[in-house]
Protein chains: 2
Amino acid sequence: MSKHTIIRLSRYKNALYRFESLGFVKVFSDNLADAIGVTPSQVRKDFSMFGLSGNKRGGYKVDELLAKLNEILGTNKAHNVIVAGAGNLGSALIKYKGFEKENIKITAAFDIDHSKGERAGEIPVKPFDEMQEYVRQNDIRVGIIAVPDMAAQHVADVMMAGGIKGILNFAPIRLRVDEGIVVNNVNLALELENIIYFICVPMGSGKGIK
Amino acid sequence: MSKHTIIRLSRYKNALYRFESLGFVKVFSDNLADAIGVTPSQVRKDFSMFGLSGNKRGGYKVDELLAKLNEILGTNKAHNVIVAGAGNLGSALIKYKGFEKENIKITAAFDIDHSKGERAGEIPVKPFDEMQEYVRQNDIRVGIIAVPDMAAQHVADVMMAGGIKGILNFAPIRLRVDEGIVVNNVNLALELENIIYFICVPMGSGKGIK
DNA sequence: CGGATAATGTGAAAAAAGTAACGAAATGCT
DNA sequence: AGCATTTCGTTACTTTTTTCACATTATCCG
Ligand SMILES: NC(=O)c1ccc[n+]([C@@H]2O[C@H](COP(=O)([O-])OP(=O)(O)OC[C@H]3O[C@@H](n4cnc5c(N)ncnc54)[C@H](O)[C@@H]3O)[C@@H](O)[C@H]2O)c1
Ligand SMILES: NC(=O)c1ccc[n+]([C@@H]2O[C@H](COP(=O)([O-])OP(=O)(O)OC[C@H]3O[C@@H](n4cnc5c(N)ncnc54)[C@H](O)[C@@H]3O)[C@@H](O)[C@H]2O)c1
C-alpha cells in the first residue's frame with residue numbers, strides 16, 4: 001500500500017475530527033476532498049482500497065469512519081515512543097502535547113549528556129547507555145532520532161538492537177537500516193531549500209521550466 | 001518541475017558535499033544513486049532535465065556539479081528567513097546552526113509573548129506586531145510558522161500581507177493561501193502515524209496488503 | 001593509434017498515481 | 001408508491017513518474 005495513501009488516510013482522519021467537533025454526523029467525499037485538497041474520486045478510491053464504504057446517498061457516518069480509520073492506522077491503540085537526543089529539537093518534541101491526542105506517547109528520552117536530565121519537562125531524560133535495555137523491556141517499537149548527524153547512525157543501530165522497528169529521523173543523513181525497518185526522514189533544511197527553489201523559479205532563469 | 005525532482009537535487013547536492021569532503025573529484029551516477037537511494041537512471045534523468053551533463057566515461061566533476069546544483073536550487077545566494085512563534089519548536093529552530101551551511105539564515109523571530117525575547121539565543125525575538133513591517137522592509141520571502149494551530153492561519157495572512165512567498169508550516173492544519181504562495185507542511189504527528197502504520201501492517205490484519 | 005570498455009544521455013516501455021465517468025442504490029419529495 | 005436526485009463504488013482512462021535499454025562517446029591501454 002502506497003505511503004501517500006496512508007498519509008491521506010491520516011489527513012482524512014484529522015479532517016473528520018474537525019467535522020465531528022463541528023457537529024457533523026455524516027460527510028461526503030466532497031467535504032473530505034475539500035478539507036485535505038484532493039478530488040472526491042481520490043477520497044472514494046482511497047476508501048475503497050480499505051473496504052471503507054458509505055451509503056449511496058448518505059455519505060459516510062463520521063463516527064464509524066473515524067473508528068475504522070483509527071483501526072487501520074493503528075491509532076486506536078496507544079503507542080509508546082522514545083526520543084534519542086534531548087537537545088534543542090529533542091526537548092521541543094518532549095514538551096509537545098499534540099502527539100497524545102493521536103494516541104502517541106513519548107515515554108522517555110535518552111542523551112549522553114546527563115545534564116539534560118532536568119530541563120525537559122515531565123518526561124525523564126535517561127543516560128543513553130540505558131536506551132537499548134529500556135527499548136527491549138518496554139517493547140518500544142518507534143524511536144525518534146534528534147542527535148547530531150555524526151551520532152545518528154550509531155543511535156539507529158542501538159535502537160534496532162533493542163528491537164525498534166520504525167525511526168523518525170531528524171538528522172540530515174541517510175540511515176543504513178536492516179530489512180524491514182521503516183525510516184521517515186524529516187530534513188528541514190531540505191524543506192526550506194525546496195520552498196526557495198519554487199519561489200525563485202517563476203521569475204527566475206528560465207531554466208527548469210517544463 | 002516536480003517537487004520530488006527538486007528534493008532529489010537537494011539530496012544529490014548534500015551527497016556531493018560528502019563526496020567532496022572525502023576527496024572525490026568526480027562521481028558516477030551509481031555513486032549518487034547509492035548515496036540517496038535511487039537508481040542510476042533516475043540520477044541521470046534528473047540531471048538531464050536541467051541540462052546537467054557529465055562525461056561519457058568520466059562521470060561528473062564534483063565541483064562543477066555542485067556549483068550548478070547550487071545555482072539551480074538558489075543555494076548560491078543567501079536567503080533570509082523569519083520564524084513566527086518562539087515557543088518550544090521555534091526556539092529550537094532559532095538555535096539551529098545547520099541552516100547556515102545551506103546559505104539560509106534566520107534573521108528574526110516574532111512572538112506575541114514578549115517574555116520570549118530573552119531565551120532564544122542570538123537571534124532577536126520581536127513583538128509579533130512588527131512582523132509585517134519587518135518582512136516588507138527586509139524583503140523577506142520565506143517564513144516559518146511555529147505557532148499553535150489556532151494562530152497559524154492568521155500568521156500566514158500577515159506573512160503574505162508583508163510579501164512572503166513561501167511558508168514552512170509546522171502547525172497541523174491546512175493553510176489557505178493566495179495563488180502562487182508555496183507552502184510546505186511538516187506534520188510530525190502524521191509522520192509518526194505513518195511509521196506506526198507500516199510497522200504494524202506486515203504482521204497485522206491482512207487488510208491493506210496489496 | 002585503434003580497439004575495448006565503461007559510463008553517459010535519451011527515447012521507449014512499464015509502473016504508479018490520479019482523474020473522470022457512469023451504473024447502482026439510497027434518499028427524499030410529491 | 002413512484003420518480004427524481006444525489007452520492008457512492010468501481011472501472012476505464014489519463015497523466016506522471018520511474019525504469020529499462022542501448023546507441024553514443026570519452027577514456028584507457030597495449
Ligand atoms: N534544532 C533544529 O531546529 C534542527 C533543525 C533541523 C535539523 N535538526 C537536526 O536534529 C538533530 C538534533 O538537533 P538539535 O538542534 O536538537 O541538536 P543539539 O545539539 O541541540 O542536541 C543534540 C543532543 O544530542 C545529544 N547527543 C549527542 N550524541 C549523542 C549520542 N550518541 N547519543 C545520545 N545523545 C547524543 C547531545 O548531548 C545533545 O543534547 C541534528 O541532527 C540536527 O541536524 C535540528
Ligand atoms: N514542539 C513540537 O515538537 C511540535 C511537534 C509537532 C508540531 N508542532 C507544532 O508546531 C507549532 C508550535 O509548537 P510549539 O510546541 O513550539 O508550541 P509553543 O506553545 O511552545 O509555542 C508557540 C509560540 O507561539 C506564540 N504565539 C501564539 N500565538 C501567536 C501569534 N498569533 N503570533 C505569534 N506568536 C504566537 C506563543 O507565545 C508561543 O511562544 C504548533 O502548531 C504545534 O502543533 C510542534
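Here is how names work: the chains are called A, B, and so on, in the same order as the sequence lines, proteins then strands, and each is numbered from 1. Quantities reported herein were computed from a predicted structural model and do not represent experimental measurements.
Side chain to side chain, A/Thr107 and A/Tyr134 meet the donor-acceptor criterion of an N or O pair below 3.5 Å.
In this structure, CG of B/Leu52 is placed 12 Å from C1' of C/dG9, rounded to the nearest angstrom. Rounded to whole angstrom, the span from the CG atom of B/Asp30 across to the P atom of C/dA6 amounts to 12 Å. C/dA17 atom C1' lies 17 Å from atom NZ of B/Lys3, rounded to whole Å. The separation between B/Leu65 atom CG and C/dG9 atom P is 10 Å, rounded to whole Å. The separation between B/Leu9 atom CG and D/dT17 atom P is 14 Å, rounded to whole Å. The CG-C1' distance, from B/Asn31 to C/dA6, rounds to 13 Å in whole Å. A/Asn55 has its CG atom 8 Å from the P atom of D/dG9, to the nearest Å. When the P atom of C/dA7 is taken as reference, atom CZ of B/Arg57 falls 7 Å away, rounded to whole Å.
Within the 4.0 angstrom heavy-atom criterion, only backbone atoms of the sugar-phosphate kind lie near B/Thr39; the bases stay farther away. B/Gly54 comes within contact range of the sugar-phosphate backbone alone, with a heavy-atom separation under 4.0 Å but no base atom that close. Within the 4.0 angstrom heavy-atom criterion, only backbone atoms of the sugar-phosphate kind lie near A/Gly59; the bases stay farther away.
Comparing D/dT18, C/dT8, C/dA6 by their closest approach to the side chain of B/Ser29 singles out C/dT8. If you check C/dG18, C/dA21, D/dT17 against the side chain of A/Gln42, the one that comes closest is C/dG18. Taking every side-chain heavy atom of A/Arg44 into account, D/dG9 is the closest of D/dG9, C/dT19, C/dA7. The side chain of B/Ser53 approaches C/dG9 more closely than any other nucleotide in the set C/dG9, C/dC22, C/dA24. Here D/dT7 is the nucleotide among D/dT7, C/dT8, C/dG18 with the atom lying nearest to any side-chain atom of A/Phe28. Listed nucleotides: C/dT8, C/dA21, C/dG18. Nearest to the side chain of B/Tyr60: C/dT8.
For the residue pair B/Asn187 and B/Pro172, the shortest heavy atom distance occurs at ND2-CB, 3.7 Å.
Taking the centre of each ring, B/Phe47 and B/Phe50 stay at or above the 6.0 Å mark.
Here the rule is side chain to side chain contact (heavy atoms under 4.5 Å, CB included) with A/Phe170, and of A/Val83, A/Asp149, A/Leu93 only A/Leu93 fits it.
Phosphate contact (OP1/OP2 of D/dC8, side-chain N/O of A/Ser48, threshold under 4.0 Å): absent. Distances shown here put a side-chain N or O of A/Arg8 below 4.0 Å from the OP1 or OP2 atom of C/dG18.
Evaluation of atom-type donor-acceptor distances gives a pair under 3.5 Å for the side chain of A/Lys45 against the base of C/dT19.
Counting heavy atoms from C-beta outward, A/Glu102 and B/Leu192 have side chains that stay 4.5 Å or more apart.
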